[in-house]
Structure formats: C-alpha cells, structure tokens
Undergrad: 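Structure incoming, see below.
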Amino acid sequence: QNMAFCIAVIGKDNAPLYLTTSDMEQELELQYHVNAALDVVEEKCLIGKGAPESKELYLGLLYSTENHKIYGFVTNTRVKFIVVIDSSNVALRENEVRAIFRNLHLLYTDAICNPFYIPGESLTSKKFDRAVQKLMSGTA
C-alpha cells in the first residue's frame, strides 16, 4: 500500500511547481483535492497571522473525504506542500505524515539549490521525481 496518492508542491503565488500521483485514473480528482486544499491553507495561514513569517508551518489534516485525507505544510518561503493519503490507511500515524513533509522539504530544498533551477519554475528534476516517488511508496 502506498504512503501517499498524490504529492504537490505549490509556489507562493499558488502556481503548481510539481504534482505527481500514483493513480493516473484519479489524477483529476486528486488535482481537485490539491486545489481545494489551497483555500484551506490560505485560511489557516491567515488565522496564524501573529506567527513570524519566517516560520515553517505543519498544518496537519486540512480536510478529508470518504477516500482521501489531505494534509498541508507551508515552508518559510510560503511554498506549500500538499499530500493526499488514502483514508483507509489507518495505520499511518501523525508522526509519519510529518516525516513525509520533512523529507519532502529536504528534497525540495536540495532541488532548488541546484544552480540551474530558476525560482518559480516547475521542478523537472528527474532526481527529485524519483525521490518523491520513493517517498510516496514508503520506501524512502
């Protein structure tokens, strides 16, 4: 069983920098979940306005549907990570979800520190893609 169905990296202007799904048949539905999650992220970030801008925010569960649980994380540069997990995966604990985000943040930081990466552009690194796929399958 996969750890995650979908992982998205969204830029500070809400432009998707990276999106991958493990289930192509559900891709549109998963993209819809990611878009819906962005509104929740914005709301949660507005509520936490007192917090310093330079802080990273683990937002936890943003919302859930019958089939999916959608989690969010905001980096200190306002880049958002959205992870969609199978609702039936009750074995997945909160600390494992946090670990996914921690690893994703490390992979992302590594990818954008590449001197050839242009800020705000989509992440097209094969290395990043392979690492994220491993993360999704729970083999990272």
Side-chain angles (χ1 to χ4, degrees):
Q1 179 168 358
N2 270 357
M3 293 278 277
F5 271 139
C6 177
I7 288 181
V9 179
I10 312 291
K12 53 178 170 257
D13 52 0
N14 282 353
L17 300 176
Y18 179 83
L19 193 141
T20 186
T21 64
S22 62
D23 187 342
M24 291 322 255
E25 286 176 19
Q26 292 188 49
E27 188 170 16
L28 271 174
E29 183 188 352
L30 293 166
Q31 284 181 357
Y32 170 78
H33 287 325
V34 167
N35 280 326
L38 290 177
D39 295 337
V40 184
V41 168
E42 291 301 318
E43 275 172 43
K44 283 191 180 245
C45 286
L46 285 173
I47 293 164
K49 259 294 176 243
E53 279 297 296
S54 63
K55 232 174 93 188
E56 290 164 14
L57 283 176
Y58 168 67
L59 300 171
L61 184 66
L62 300 175
Y63 73 97
S64 57
T65 66
E66 203 176 315
N67 301 320
H68 302 109
K69 286 182 181 166
I70 296 88
Y71 290 86
F73 179 93
V74 179
T75 70
N76 52 0
T77 56
R78 314 277 304 144
V79 170
K80 299 163 220 45
F81 298 149
I82 309 291
V83 173
V84 182
I85 291 167
D86 183 350
S87 283
S88 68
N89 191 348
V90 287
L92 197 66
R93 294 188 304 279
E94 192 77 10
N95 60 342
E96 291 177 284
V97 176
R98 282 176 183 267
I100 290 173
F101 282 118
R102 226 184 354 266
N103 290 333
L104 188 55
H105 195 195
L106 288 171
L107 293 173
Y108 170 76
T109 307
D110 196 40
I112 63 165
C113 286
N114 176 339
F116 299 107
Y117 176 73
I118 298 160
E121 276 201 358
S122 293
L123 285 161
T124 52
S125 155
K126 286 185 171 54
K127 183 181 165 197
F128 179 77
D129 196 45
R130 277 194 306 273
V132 171
Q133 296 296 336
K134 281 173 77 173
L135 192 61
M136 284 175 72
S137 65
T139 57

Undergrad: Within the 3.5 Å criterion, strictly below it, is a donor on Lys80 or Asn14 matched to an acceptor on the partner's side chain?
TA: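 A pair is found: one side chain offers a donor N or O, the other an acceptor, under 3.5 Å apart.
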
Undergrad: Got Tyr71 and Leu62 here, is their nearest side-chain heavy-atom distance under 4.5 Å?
TA: no

Undergrad: Mind listing the closest non-hydrogen atom pair of Phe128 and Leu104 along with its distance?
TA: CZ-CD1, 4.4 Å

Undergrad: Indicate yes or no: at least one non-hydrogen side-chain atom of Ile10 is less than 4.5 angstrom from one of Val79.
TA: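 No - every pair of side-chain heavy atoms lies 4.5 Å or more apart.
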
Undergrad: Ignoring hydrogens and geometry beyond distance, is a side-chain donor-acceptor pair present between Thr65 and Asn67 at under 3.5 Å?
TA: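 Their side chains do not contain a donor-acceptor pair, so the 3.5 Å distance test is not met.
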
Undergrad: Is it the case that atom OH in Tyr63 sees more than 12 heavy atoms from other parts of the structure closer than 6.0 Å?
TA: yes

Undergrad: Side-chain contact, heavy-atom cut-off 4.5 Å: Val40 with Leu59?
TA: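 No, side chains not in contact.
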
Undergrad: Rounded to the nearest 0.5 Å, how far does OG of Ser125 lie from CG of Leu107?
TA: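 Rounded to the nearest 0.5 Å, the CG-OG separation comes out at 9.5 Å.
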
Undergrad: Tyr117, Phe81: one ILVMFWY side-chain cluster at the under-4.5 Å cut-off?
TA: yes

Undergrad: Which atom pair, heavy atoms only, marks the closest approach of Pro16 to Ser122?
TA: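 The answer is O-OG, 4.0 Å.
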
Undergrad: With no hydrogens and no angle check, do the side chains of Glu94 and Tyr58 hold a donor and an acceptor under 3.5 Å apart?
TA: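 A donor-acceptor contact under 3.5 Å links the two side chains.
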
Undergrad: Could you pull out the closest heavy-atom pair between Leu17 and Gly11, with the gap in Å?
TA: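 Minimum heavy-atom separation between Leu17 and Gly11: CG-N, 3.7 Å.
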
Undergrad: Nearest 0.5 Å, please: how far is CG in Asn95 from CZ in Arg102?
TA: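 Taking CZ in Arg102 and CG in Asn95, the distance rounds to 8.0 Å.
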
Undergrad: Measure across Ala37 and Ile70 and return the closest heavy-atom pair with its distance rounded to 0.1 Å.
TA: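 The pair with the smallest heavy-atom distance is CB-CG2, 3.6 Å.
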
Undergrad: Go through the steps to decide whether Lys127 and Asp110 satisfy the test salt bridge (Lys or Arg N to Asp or Glu O under 4.0 Å), and finish with yes or no.
TA: CA-CA 10 Å; Lys127 183 181 165 197; Asp110 196 40; 3.3 Å; yes

Undergrad: So how far is it from Ser64 OG to His33 NE2, rounded to the nearest 0.5 Å?
TA: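 Reported value, rounded in 0.5 Å steps: 10.0 Å.
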
Undergrad: Could you tell me whether the side chain of Leu19 reaches within less than 4.5 Å of the side chain of Cys6, counting heavy atoms only?
TA: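 In contact.
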
Undergrad: Give me each pair satisfying side chain to side chain donor-acceptor pair (under 3.5 Å) with a member in residues 15-26, each pair once, sequence neighbours excluded.
TA: Asn2-Ser22, Tyr18-Asp129, Thr20-Gln133, Asp23-Gln26, Gln26-His68

Undergrad: Does Val83 reach the side chain of Val97, with side-chain heavy atoms less than 4.5 Å apart?
TA: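 Side chain of Val83 against side chain of Val97, heavy atoms only: no contact under 4.5 Å found.
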
Undergrad: Return the minimal non-hydrogen interatomic distance between Ile82 and Gly72, and the atom names on each side.
TA: CD1-CA, 4.5 Å

Undergrad: Check whether any side-chain heavy atom of Ile7 lies under 4.5 Å from a side-chain heavy atom of Met136, and answer yes or no.
TA: yes

Undergrad: Rounded to the nearest 0.5 Å, what's the gap from CG on Leu135 to CG on Leu106? Could you check?
TA: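 Between Leu135 CG and Leu106 CG, I get 10.0 Å after rounding to 0.5 Å.
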
Undergrad: Is there a side-chain contact between Tyr108 and Val9 (heavy atoms, below 4.5 Å)?
TA: yes

Undergrad: Pairing donors with acceptors under 3.5 angstrom, does anything connect the side chains of Thr75 and Thr77?
TA: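 Yes.
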
Undergrad: Calculate, to the nearest 0.5 Å, the distance between atoms NZ and CG belonging to Lys44 and Asp39 respectively.
TA: 13.5 Å

Undergrad: First locate atom NZ of Lys134, then atom CZ of Arg130, and finally report the distance between them rounded to the nearest 0.5 Å.
TA: 9.0 Å

